[in-house]
Amino acid sequence: MKINFWLLDIDREESEGKTIIRLWGITDKNERIVIYDKTFQPSFYLLIKNEWISTFLKKLEEEKENLKIKEILKEDKKFFGRKIEALKLIFNSFEDLIKCSEKLTNRIEVAECLENDLRPAFKYMIEKNVIPCCWHEVEVKEIDKKTVMVDKAYEAVSSPNLIEKKDIPNLKILSFSITCYSKVGFPNPTKDPIILISACTNFNDKKQFFVFNFNDKEVINDFSRFINEFNPDIIVGFNNNNFDWPYLIERAEINKIDLAITRNGVKPHKSLYGHVSIAGRANLDLLDFAKDIPEIKLETLEELAEFLKIEEFESKPLISNVSKYVETEDGKKLLIKNSLINAELILKCFKMLLEFFIQLSSVTGLPLDQVIAAPVGFRVDSYLIRQAYKLGELIPKRKEQPYQSYKGGMVLSPKPGLHKNIAVLDFASMYPNLMMLYNVSPDTLVSLNEPLNENVFPIPEVEHKFRKEPPGLYKIVFSNLLAERKKINAQLNQLSPESIEYKLLKERSKAIKIITNACYGYAGWVGARWYSKEVAESAAALGRKAIKEVINIASEEGLKVIYSDTDSVFIENLPEKIKKLQEKTLNKIGVEIKVDKIYKKIIFTEAKKKYAGLTQENTIDIVGMEAVRGDWANIAKIVQRKILEIMLIEEDLKKALDYLKSFIKKLRKEKFDLKDFILWKTLTKPVNEYEIKAPHIEAAKKLIQKGWRLTTGDKIGYVIIKGSGKLYEKAEPYELVNNIEDIDVEYYIFHQVIPAASRVLKVFGLSEKRLIDLASASSLIDFSSG
DNA sequence: GCACGCCCAATACCC
DNA sequence: ACGGGTATTGGGCGTGCG
């Protein structure tokens with residue numbers, strides 16, 4: 001029989017010396033299914049050194065049985081664009097493959113083992129062109145599903161075929177959040193129980209499991225039972241990969257509970273990219289997504305909801321100490337309520353992101369749960385592997401290699417001051433376009449000692465050259481990516497923006513853009529399979545040449561350049577001249593430069609990468625300045641924003657100064673909220689590895705002492721409290737501050753508010769020293785009069 | 001003894 | 001665990017001054 005299914009998850013099992021691929025999906029009849037594909041043959045490639053090439057095959061045939069090789073084939077492949085003959089070794093199981101490749105890797109006849117580093121489920125998808133989050137048709141026969149939590153189980157008769165069906169099945173989604181109890185500090189799963197779990201589903205369930213007698217056995221059991229009853233396709237949480245699941249798993253172990261919530265009836269396990277994998281379902285962590293969004297600074301669920309513009313979500317009070325709340329009935333009620341708000345909010349956020357996640361998965365070819373957890377570099381890796389395979393290329397290995405830096409984009413010093421009517425022009429996808437034009441790719445790179453001729457592109461400034469033909473991997477990949485986006489944009493014009501097709505295509509376009517823009521950085525990343533310093537360096541050099549050319553053309557046209565950064569120029573908004581500049585640029589460079597934005601007014605300081613502009617819609621863009629930085633106190637950001645607003649709209653210096661003065665006065669007099677003073681900094685390594693003393697590190701140490709478990713990537717929120725000595729001695733984690741009176745307001749005035757205000761005001765001739773004098777004087781006046 | 005300049009580590013941002 | 005370019009802060013240290 002034939003069935004159509006949408007691929008949700010894929011993994012493998014080893015059974016009787018054979019690797020069997022398991023495809024977990026949903027059919028067009030809305031059934032949850034698993035398909036076992038026993039037709040997959042694990043394989044890897046051997047490249048033989050030239051001198052052994054004629055004799056090695058025979059030798060290997062003799063050892064075939066011993067090495068558990070099922071079959072040996074000669075194949076014509078390509079490796080970095082060069083035609084090459086490779087031996088394909090085929091096995092029954094992946095285990096056999098690994099053992100054999102380990103034995104052969106160091107043989108003198110062997111130049112290289114390839115593709116033995118690709119995981120079977122992944123290799124299967126590549127070979128069979130099976131794509132996650134897409135529909136496939138497959139010939140199957142039904143088998144006993146045993147205890148597997150699906151509607152039906154099948155064995156594949158032949159391999160699945162991708163079909164042109166674009167919709168998404170009716171997925172069952174479960175969101176959840178756990179609350180743990182600890183008497184002091186951060187909960188520790190070896191001793192502190194889970195007291196509360198909330199779960200919501202897109203079928204309108206709102207379930208809560210709790211006990212306040214600190215025996216969490218029942219809570220975990222009930223939750224686990226509920227998961228299996230509802231049988232979700234997707235489980236989603238916030239920080240569930242690093243908190244909820246590890247905690248649940250450890251508590252389950254301590255309570256001797258079998259946390260059998262995967263579709264094949266075992267417990268979740270840590271997988272690739274450090275995420276928690278739940279076989280047959282997709283376990284997703286919204287924190288992974290939040291970390292990819294630069295606008296999201298603190299990486300909290302609330303911030304994510306705000307970013308997604310989720311309206312009227314109930315805000316909950318800051319609960320820093322659960323133990324206090326369990327003491328009273330009201331406290332318990334509040335905990336229960338908050339927990340549900342969390343689970344609901346997670347579900348709401350997820351519903352807005354589902355289509356994007358699905359497209360990211362199908363574009364990159366990584367399973368849904370993996371793609372969300374995977375760093376950008378591995379998403380690109382996966383995409384390139386698929387494309388390279390289609391071209392008959394062998395997949396290079398990730399190699400340990402030394403890091404080499406190279407020269408990047410060009411940044412011009414801005415002309416400080418307030419400018420009016422300024423246009424911002426930038427190249428559309430500069431690096432991808434230049435790399436396509438000059439066929440910049442690892443497989444087209446010409447070696448240094450080869451002479452320059454008409455068949456190669458020389459790259460300015462750097463010594464590299466690239467063959468004009470045939471198109472290299474990056475050129476092919478970029479052409480495909482740009483072509484597909486173009487096609488999508490055309491399709492979008494034909495669709496109603498309210499339709500699901502529109503939403504899906506829009507999100508696909510976004511996913512493609514992300515991959516396109518990541519490729520240049522990927523090429524310069526030592527961890528990349530297709531790493532090439534020469535490629536990245538050449539792209540950067542071409543970029544510098546292109547933008548320099550634009551600047552030249554601007555001066556030819558008599559357009560004053562105010563500022564430029566990498567692929568953009570800020571110039572006077574003179575439409576006729578700009579049009580000319582665009583034409584000349586396209587002619588000379590071959591890449592289009594577009595008017596991205598027009599500012600009615602724009603303020604530049606002396607510094608690069610910092611400015612604030614008044615848009616035509618009368619909104620204010622702030623770039624790089626303190627007001628958009630996560631590591632400045634709210635009070636400083638508020639003041640800077642307001643002063644920018646006054647100077648951009650009214651250009652009233654006196655008003656700005658008066659505002660500053662009154663704000664400082666208010667700061668000294670009134671009670672502000674603790675959160676307005678918090679300074680946030682990220683730990684970039686474990687606390688004990690820091691060799692220096694710094695405020696956020698000292699604050700982190702205090703938290704650790706109180707039982708917090710802090711790791712790399714955690715955000716430390718601290719405030720500066722009154723006292724003497726070094727700043728780091730006055731840094732206190734905000735969680736440990738009980739009295740707002742302890743805040744050292746004077747520090748904030750002189751080290752936060754004034755510097756932030758001064759950044760703007762000094763452009764208008766007000767020195768920081770004057771502001772400091774002003775604040776000091778007003779302090780004296782207030783002191784003497786009050 | 002300390003103000004000052006200088007260098008460095010650390011961090012966050014821009015494109 | 002995608003790149004380089006850049007600004008900025010606070011710690012630490014040496015220097016020169018009084």
Side-chain angles (χ1 to χ4, degrees), chain A residues 272-274 291-292 294-295 297-298 373-384 398 400 403-414 424 426-431 435 514-533 535-541 543-544 547 563-570 596 605-611 621-632 636 679-685 689-698 700 712-713 715-716 720 725-731 747 750-752 755-756 758-759:
Chain A
L272 220 57
Y273 315 121
K291 283 180 189 289
D292 288 344
E295 290 95 322
K297 311 274 178 196
L298 285 181
V376 181
F378 294 109
R379 294 178 186 168
V380 177
D381 235 9
S382 169
Y383 182 80
L384 291 180
R398 203 166 282 135
E400 286 278 330
Y403 158 82
Q404 295 177 75
S405 80
Y406 59 89
K407 201 168 160 195
M410 184 186 73
V411 190
L412 248 48
S413 286
V424 184
D426 61 13
F427 282 114
S429 302
M430 183 181 74
Y431 290 134
M435 287 168 79
I514 285 174
I515 299 301
T516 310
N517 291 339
C519 285
Y520 155 73
Y522 170 91
W525 173 47
V526 282
R529 287 177 188 270
W530 281 273
Y531 167 71
S532 167
K533 185 208 160 194
V535 164
E537 191 172 38
S538 300
R544 289 193 301 274
I547 201 70
Y563 177 60
S564 164
D565 185 348
T566 310
D567 63 350
S568 68
V569 283
F570 292 57
D596 178 52
T605 69
E606 306 266 336
K608 296 171 176 177
K609 299 190 185 275
K610 289 174 196 278
Y611 56 86
D621 280 354
I622 303 177
V623 179
M625 306 229 267
E626 286 75 3
V628 295
R629 291 179 64 100
D631 58 346
W632 282 71
L679 306 169
W680 292 94
K681 279 217 155 63
T682 311
L683 287 181
T684 57
K685 53 187 174 188
E689 283 177 26
Y690 283 93
E691 282 165 16
I692 57 135
K693 293 199 178 283
H696 71 289
I697 297 160
E698 296 308 301
T712 309
K715 305 256 187 257
I716 309 298
I720 302 302
K726 292 279 188 189
L727 196 62
Y728 61 76
E729 297 172 278
K730 306 199 290 171
Y747 167 81
F750 289 99
H751 290 90
Q752 290 277 321
S758 154
R759 199 86 56 214

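Order of the sequence lines sets the chain letters (A, B, ...), proteins ahead of strands, with each chain counted from 1. Atom set for the values below is all heavy atoms of this structure, side chains included, hydrogens, waters and symmetry mates excluded.
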Flag, side chain of A:Arg379 to backbone of A:Ile515, donor-acceptor distance under 3.5 Å: no
Taking only residues two or more places apart in sequence or in another chain, which ones pass ring pair (Phe, Tyr, Trp, His ring centres under 6.0 Å) with [X]?
| X | result |
| --- | --- |
| A:Tyr747 | A:His751 |
| A:Tyr273 | A:Phe378 |
| A:Tyr520 | A:Tyr431 |

Contact class for [X] (heavy atom, under 4.0 Å): base, sugar-phosphate, or nothing?
| X | result |
| --- | --- |
| A:Tyr383 | nothing |
| A:Phe378 | base |
| A:Tyr431 | nothing |
| A:Arg759 | sugar-phosphate |
| A:Ala536 | nothing |
| A:Tyr403 | sugar-phosphate |

[X]: which residues meet the salt bridge (charged side-chain N to carboxylate O under 4.0 Å, His left out) condition with it, sequence neighbours left out?
| X | answer |
| --- | --- |
| A:Lys609 | A:Asp565 |
| A:Arg629 | A:Asp631 |
| A:Lys726 | none |

Residue list, side-chain hydrogen bond (donor to acceptor under 3.5 Å, both in side chains) with A:Lys693, at least two apart or on another chain: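 Partners of A:Lys693 by the side-chain hydrogen bond (donor to acceptor under 3.5 Å, both in side chains) criterion come out as none, since no residue qualifies.
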Contacts of A:Thr712 that satisfy side-chain hydrogen bond (donor to acceptor under 3.5 Å, both in side chains) - sequence neighbours left out: none
Positions of residues 519-529 of chain A (non-hydrogen atom under 4.0 Å from DNA chain C), listed by number: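 Contacts with DNA chain C under 4.0 Å: A:Gly521, A:Tyr522, A:Gly524, A:Trp525.
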Close side-chain approach of A:Ile720 and A:Leu679, heavy atoms under 4.5 Å: yes
Aromatic A:Tyr690 / basic A:Lys685 pairing, under 6.0 angstrom, 45° off normal: yes
Donor-acceptor pair between A:Tyr611 and A:Asp621 side chains, under 3.5 angstrom: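 Not at all, the side chains of A:Tyr611 and A:Asp621 share no donor-acceptor pair under 3.5 Å.
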Side chain to side chain contact (heavy atoms under 4.5 Å, CB included) between A:Leu683 and A:Ile716, intermediate numbers included: CA-CA 7 Å; A:Leu683 287 181; A:Ile716 309 298; 3.8 Å; yes
Footprint string (nucleotides 8-15 of chain B, 5' to 3'): B base within contact, S backbone only, - free, heavy atoms under 4.0 Å: --SSBSBS
Where chain A begins and ends its contact with DNA chain C, read 5' to 3' at 4.0 Å from heavy atoms: C:dA1 to C:dG12
Might you list the N or O atoms of the protein lying below 3.5 Å from N or O atoms in nucleotides 3-6 of chain B, with each pair's distance?
none

